[in-house]
Amino acid sequence: MEKDQRAIAAEQSTAVRPAVPGAAGLDHLLPGEAMLAAMGGTPPAHYTSGNGAPAMVREQDYFNDLYLLAPVGYFVLAGDSTVLQMNLVGADLLGLPRSNPERAPFRQFIAQRFMADFDAFVSNCLSSSEPQRLSLQMTRGRGDRGFAVTLLGSGAVGDAERLRVVLELAEGKLAALEKSEERFRRIVHSAEEGIWEIDASARTSFVNPKMAALLGYSIEEMLEQPLVAFMDDEGRSLLERNIARRQQGVAERHEFKFIRKNGSEMWATLATNPIFDADGSYLGALALVSDITERRQSTELIWHQANYDTLTALPNRNMFQDRLSQEMKKARRDGLFLALLFIDLDQFKEINDRLGHEMGDLLLVEAASRIAACVRASDTLARLGGDEFVVILPGLDHVTSAERVAQQIIATLNRPFALGDSSGVVSASIGIALHPSDASDPEQLLRNADQAMYAAKNAGRNRYSYFTSDMQAAAQQRLRLTRDLQMAVANEQFELHYQPIVNLRTGGIERAEALLRWRHPERGLLAPGDFIGSAEASGVILEIGDWVFRHAADQAKRWQEELGRPFQISVNQSPAQFRGGQQVFEEWGRYVERLQLAPRSIVIEITERLLLDHSGPVVERLGQFKSMGLQVALDDFGTGHSVLAHLKKFDIDYLKIDRSFVMDLAGDSGDLALCEGIIVMAHKLGLKVVAEGVETETQLALLKAAGCDYAQGYVYAHPMPPAELQAQLRGQV
């Protein structure tokens with residue numbers, strides 16, 4: 001090394017003079033006097049207006065830029081002398097952390113015999129516009145011999161509750177300067193912040209050890225290197241714009257990205273002050289550098305998690321809504337169409353239930369990739385949640401362009417998905433809504449696309465559908481239906497009808513299925529198909545299901561007492577109801593006990609799909625039913641994905657053959673073979689079999705011959721009010 005770094009620092013500590021507003025022509029004063037003279041000024045414009053920062057933040061920035069590296073102690077005190085801010089030298093003199101986490105008061109360092117003088121000094125500073133001076137003794141604590149100082153103070157500009165104080169050791173001018181400069185050199189070399197000086201050509205003229213360590217270089221490697229050598233292209237461009245402002249005397253604070261010696265990135269805040277000589281010529285700049293890489297990465301991670309789906313890495317609902325709003329504004333400005341595609345994967349739940357959530361997630365990731373391949377880079381593909389995706393197609397000159405994209409998506413999703421050792425096939429139901437013709441605001445456009453998707457699904461799936469005014473009317477009807485449902489239970493508008501279930505061996509009615517009806521005040525008597533979907537979607541199904549169970553239990557008790565023999569009632573249970581809270585089922589158990597209802601009086605009918613759900617609540621609910629003395633029937637058997645292992649595991653009591661196998665029953669039909677197979681299998685497992693939808697004597701005869709245990713259907717009776725079935729039951733006695 002041609003010149004020792006400490007010597008360089010010593011030279012620069014006197015040569016470097018950051019620009020201080022109002023301080024020109026004060027070189028003949030002591031450092032404290034120059035600071036005091038500058039204290040009357042106000043922060044420059046870029047700290048006091050236009051940047052939107054709170055006043056305290058602007059004051060903190062101003063303090064850091066202007067006074068942090070001053071070679072004398074500088075303090076901002078509250079009216080009670082609590083230290084609010086201090087520079088590096090001030091913290092060193094008092095032996096305090098610069099952040100002052102304990103909120104130590106400046107007064108505690110004043111020698112006892114000078115307390116009254118100090119209090120008067122503070123009072124005068126706060127009440128007078130003139131600078132105040134006080135010589136006194138300070139101490140760092142018991143046992144410390146103390147040290148003589150001169151305090152120079154004035155009230156903070158525009159704030160009657162704060163004051164600014166400069167602390168100088170009471171020594172001769174030369175000795176004070178030498179000592180303060182030595183302290184300044186020591187602090188610069190041991191500072192936890194990086195200090196970086198560049199010359200007029202933006203080449204490095206000084207760095208402290210901390211700055212070199214931040215970038216992974218030695219001090220010698222950084223000297224004479226241009227500042228841009230440590231930046232990427234983006235940083236270089238930003239720096240070039242800022243150098244001109246520094247030469248105009250503007251102190252600035254910016255975030256830059258630097259490239260460390262090992263190639264990694266470091267984000268840093270640079271609080272930069274220009275340096276001028278006595279003639280006002282620009283010499284360079286001095287920057288205080290703080291590493292904010294971790295904070296920046298944390299902020300970016302939080303932002304990414306708030307805006308992107310963790311599974312597929314697609315934009316999530318939050319970012320989608322922002323993009324849709326922006327694209328709709330642009331479409332209105334340019335006079336073009338915008339299409340929104342709402343995509344729902346058909347059969348996804350079945351695959352997820354059959355192969356597990358891990359394979360389900362794998363399918364979603366692959367589906368996202370396939371959909372992305374069908375859209376342009378300028379389009380937005382997002383995942384709303386579950387198996388629902390949306391695509392924003394902006395800038396369309398014709399509405400048929402959306403059709404082509406929808407057709408491509410349907411075709412690519414129809415290809416089988418490789419899922420571990422297995423495979424899965426899904427299709428897509430797509431709803432298309434257009435802006436501006438279908439909606440003028442983002443929320444309505446999304447709702448319309450959603451309705452169009454349901455129209456595609458109801459029409460047979462694996463297709464797309466445009467939003468129409470008819471769909472809007474249907475949506476409004478569903479909304480009214482939901483509101484009516486919420487009032488139906490309270491207004492006692494529901495009632496139960498019963499369809500008898502006949503023992504095929506004896507011909508007697510031993511059981512009945514409870515079927516819900518809604519006597520709507522305007523629409524008349526409604527069957528479950530007219531409202532159960534809305535009840536499940538709105539959550540009202542839980543309240544309705546509780547009502548059904550209690551009324552069915554009451555009816556079973558009444559008929560048993562009147563007939564003097566066992567009588568069983570079957571109650572259908574929705575999957576949504578089945579996964580509800582445990583409390584309602586516990587209340588059912590207590591209700592059955594209060595009725596003293598005989599065991600096996602109630603049968604809970606569930607669907608095959610529930611057997612594929614291995615979650616705790618499903619197993620727990622079935623166990624709960626058994627402990628309550630209830631039985632379980634598997635409804636619509638043969639239409640789902642049940643396997644023998646599930647039937648055995650879940651301890652089912654009855655299988656109900658779906659009506660689709662019974663309706664075309666004939667002596668030489670395949671349906672008869674299926675029914676016979678189901679009956680034999682069920683009997684081998686110890687289960688009873690009920691055939692649903694029996695309408696003809698031929699069907700009845702074939703089922704009897706096949707060994708079926710029970711049957712229900714129009715061949716015996718339609719569902720009827722309790723009084724009618726009660727009359728039939730009396731006729732059997």
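Remember, predicted model here, so these are calculated numbers, not experimental data.
- At least one cation-pi condition fails for Arg511 and Phe567: the charged atom is not both under 6.0 angstrom from the six-membered ring centre and inside a 45 degree cone around its axis.
- Cation-pi geometry between Arg370 and Phe417 is met: under 6.0 angstrom from the ring centre, within 45 degrees of the axis.
- A salt bridge links Glu692 to Lys656: at least one charged side-chain nitrogen sits closer than 4.0 Å to a carboxylate oxygen.
- Between Tyr654 and Asp635, the side chains place no donor N or O within less than 3.5 Å of an acceptor N or O (distance only, hydrogens not considered).
- The closest side-chain donor-acceptor pair between Asn462 and Asn414 falls under 3.5 angstrom.
- Ion pairing of Glu522 with Arg480 is absent here, as no side-chain N (NZ or NE/NH1/NH2) approaches a carboxylate O to less than 4.0 Å.
- Using a 4.0 Å cut-off between a side-chain N of Lys or Arg and a carboxylate O of Asp or Glu, Glu366 and Arg415 do not qualify as a salt bridge.
- For Lys330, the NZ atom sits in a loose shell: 12 or fewer heavy atoms of surrounding residues, nucleotides or ligands are nearer than 6.0 Å.
- Cation-pi geometry between Arg519 and Phe494 is not met: the NZ or CZ atom fails to fall both under 6.0 Å from the ring centre and inside 45° of the normal.
- Proximity of Phe320 to Ile392: side-chain heavy atoms (C-beta onward) are separated by under 4.5 Å at one or more points.
- If you run side chain to side chain contact (heavy atoms under 4.5 Å, CB included) between Met359 and each of Asp361, Leu363, Leu362, only Leu362 comes through.
- Ion pairing between a basic and an acidic side chain is recognised when a charged N comes within 4.0 Å of a carboxylate O; Lys688 and Asp653 show no such pairing.
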